[in-house]
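Quick one: the structure is below, and I'll ask about it shortly.
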Number of protein chains: 2
Amino acid sequence: MKKEVTTLKKIAQLLEVSTSTVSRALNNHPDISEETAIKVKKLAKKLNYMPNIFAKGFRQHRTNIIGVIVPNILSYFTSSILKEILLQAETKGYRVIISESNNDIKKEKEMLHTMLQFGVDGILMSLTKHTVDVEPILYALNQKPLILFDKVSRKVPCTQIIINGEEAAFNAVEHLINIGKKRIAILKEFEQSYNSEKRFQGYLRALKTNNIPVDEKLILSTDDISLKKGRRLTSQLISLKDKPDAIFSITDAAAIGAIQTLKKFNFKIPDEIAVIGFSNSLSSTIVEPKLTTIDQPGNRIGEMAVKYIIEEIEEPKENSTSKTIEIKTNLIIRDSTLLSI
Amino acid sequence: MKKEVTTLKKIAQLLEVSTSTVSRALNNHPDISEETAIKVKKLAKKLNYMPNIFAKGFRQHRTNIIGVIVPNILSYFTSSILKEILLQAETKGYRVIISESNNDIKKEKEMLHTMLQFGVDGILMSLTKHTVDVEPILYALNQKPLILFDKVSRKVPCTQIIINGEEAAFNAVEHLINIGKKRIAILKEFEQSYNSEKRFQGYLRALKTNNIPVDEKLILSTDDISLKKGRRLTSQLISLKDKPDAIFSITDAAAIGAIQTLKKFNFKIPDEIAVIGFSNSLSSTIVEPKLTTIDQPGNRIGEMAVKYIIEEIEEPKENSTSKTIEIKTNLIIRDSTLLSI
DNA sequence: CTGAAAGCGCTTACAG
DNA sequence: CTGAAAGCGCTTACAG
């Protein structure tokens, strides 16, 4: 079945030169005479020569593989980041190995280990929402370039690519205030989720800036901010004596759940209760009313992640300069906050 | 930065045995005395030994990497297949390299080439919708085990994992007939898309079986069956003198577009016009009315793809036994075909 | 400008 | 049961 494979040695024999010469010719080494170089390249092409990447990687201690670990590949936002990672890595001559931790910290740790064992040149990683022990990550960082994106942790001293979550939330909540809303609820995550916390900070700052008192009863947390939880938390909110007049959810999914529940109980959206989500998912334009939300450019995140990891791979610095790159988001105003008047 | 790495040689020196012995001990070779084996393993563990996979792969002509090429990673269905591929491959000790062809046949060909060059052990592949020239695929198949899934081609003599598209479409259309529909339109793809064609066959068979005449005006094709096209084609349909009383779309996206247009022009769904989609996407439960659709179990496809590719990798057969595995789908009936009476 | 030789870390046929 | 040695395909410091 397998076809005879062309090696440097074979080319060398046919041309009656040494393998060193062939190797150098193919790698554009300056010492080689143009004549030889052309001759070698021609034959290599004719024989459909493909370097054995494993021999090469093994020899050079480089694999040209970037490892990526994400919590959940099914998320549209994650897919859009991965799409760009694949594209950028490919154009720069890197291959990408993807692993999914499924929000399981044990799996996350194992994957980190196999990535290292596998000899990837660098690692891009988005943490599970339960990751608190960063020891395994520090260990990996000690061996290879490593960058965190989207779901990050301050406890890891490495380059981090994130969105401007605090500011985005601030803008979203201020938008609600601008359309006259005063009792703004927030649906957020329960755990020490970095992203959730950032967005919550933005929420608090927007209220403060506009002299709106914080009402604890309007701050709801859950450990899994899904569509179903959005429904459930919204049921809680509308059974309050003092109902909210707006809901800011830190995910689109929960925001859509909120809309479903509000409609079920015949609340007018946005006149009685406005809703804002986060991430501009596909479904945000399909739900009715269309959801106002924050667009997070996954492609920019992917692009930056690849750019910086390759930089760190190709120019390793002694004193790790760990920067934080903030990607700008965009508030997209749709019917769920567009007053009909 | 990089930590000192443990090699076989180092373990051998510390234990004053040969590297051969260490290698054999670690690989559970039967010849090694239990005493030695234990001693070696203990030290290896203590030193956190990780075999250099590249040396190993290089030596054994095996990489334990499966290459996957998909047209578009952003599709939820594709992601769900990938999710399972990652999971299954990992549990069986394989790593996965993913590439995205972006429905570009030139890129698809390049990717196939780099996968081979990279030395993957096997390739899983879902074709672009423009792939007609299968030469590059035949070439790859000649070198490595290769399996097609979801978007396949009969022209490639290899194992193929598909859903029962013809039957699924047949059931969907028959369901429409059962609720009393007689003028059933189909939105399908223009090009020689294998999946589209299968579903169209199912549509035709259902009509025929139920003695419903085929009306060419109800058969609409497009080269990109998206939400927008769903809207546009539906506008066409409702401007017919003889309007349809049901629409079967071969994608959920176009079905949702259809619903949006029907609602805009105040058609009652499903009473006046019923709608069925295909693939049970996330949005199919968010659109109103909720969309009747066909659930394609992406996980089953992923599972089978990994199972068979590993089989072919580990037990290469001379005469390639190319089977076709059909995964059963499921019609999910929701409001878009549930008559209110 | 070119070649001979060493070596990357591992496995394995051969010998004992 | 263990070891010495060869070799996987490539690159590169060294020599000329």
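Lettering follows sequence order; numbering is per chain, from 1.
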#### Entry: Integer angstrom distance from the P of C:dA13 to that of C:dG9
23 Å

By side-chain hydrogen bond (donor to acceptor under 3.5 Å, both in side chains), B:T19 pairs with (sequence neighbours left out) none

Separation of the P atoms in C:dC10 and C:dC14, to the nearest angstrom
24 Å

side-chain hydrogen bond (donor to acceptor under 3.5 Å, both in side chains) filter on A:N103, not counting sequence neighbours, yields none

side-chain hydrogen bond (donor to acceptor under 3.5 Å, both in side chains) filter on B:S33, not counting sequence neighbours, yields B:T36

Residues at least two apart in sequence or cross-chain that pass side-chain hydrogen bond (donor to acceptor under 3.5 Å, both in side chains) with B:S75, listed by chain then number, are B:T78

When the P atoms of C:dT11 and C:dA15 are considered, how many whole Å apart are they?
22 Å

So the salt bridge (Lys or Arg N to Asp or Glu O under 4.0 Å) pairs with at least one residue in residues 87-99 of chain A (sequence neighbours excluded) are none

So the salt bridge (Lys or Arg N to Asp or Glu O under 4.0 Å) pairs with at least one residue in residues 19-28 of chain B (sequence neighbours excluded) are none

Using only atom types and a distance under 3.5 Å, with no angle test, would you say the side chain of A:N72 pairs donor to acceptor with the backbone of A:N102? no

Sorted by chain and residue number, the salt bridge (charged side-chain N to carboxylate O under 4.0 Å, His left out) partners of A:E303 (sequence neighbours excluded) come out as A:R300

Given Watson-Crick and G-U pairs under 3.5 Å, DNA chain C in dot-bracket ([ ] crossing, | other strand) is |||.||||||||.|||

The complete set of side-chain hydrogen bond (donor to acceptor under 3.5 Å, both in side chains) pairs with one or both residues in residues 105-115 of chain B, sequence neighbours excluded, reads B:E108-B:T131

Sorted by chain and number, sequence neighbours left out, side chain to side chain contact (heavy atoms under 4.5 Å, CB included) with A:D31 holds for A:H29

Quick tally for nucleotides 5-12 of chain D: nucleotides whose base has a protein heavy atom under 4.0 Å get B, sugar-phosphate-only ones S, the rest -, giving B-BBBBBB

Note: contacts of residues 29-38 of chain B with DNA chain D (heavy atom, under 4.0 Å) are B:D31, B:I32, B:S33, B:T36

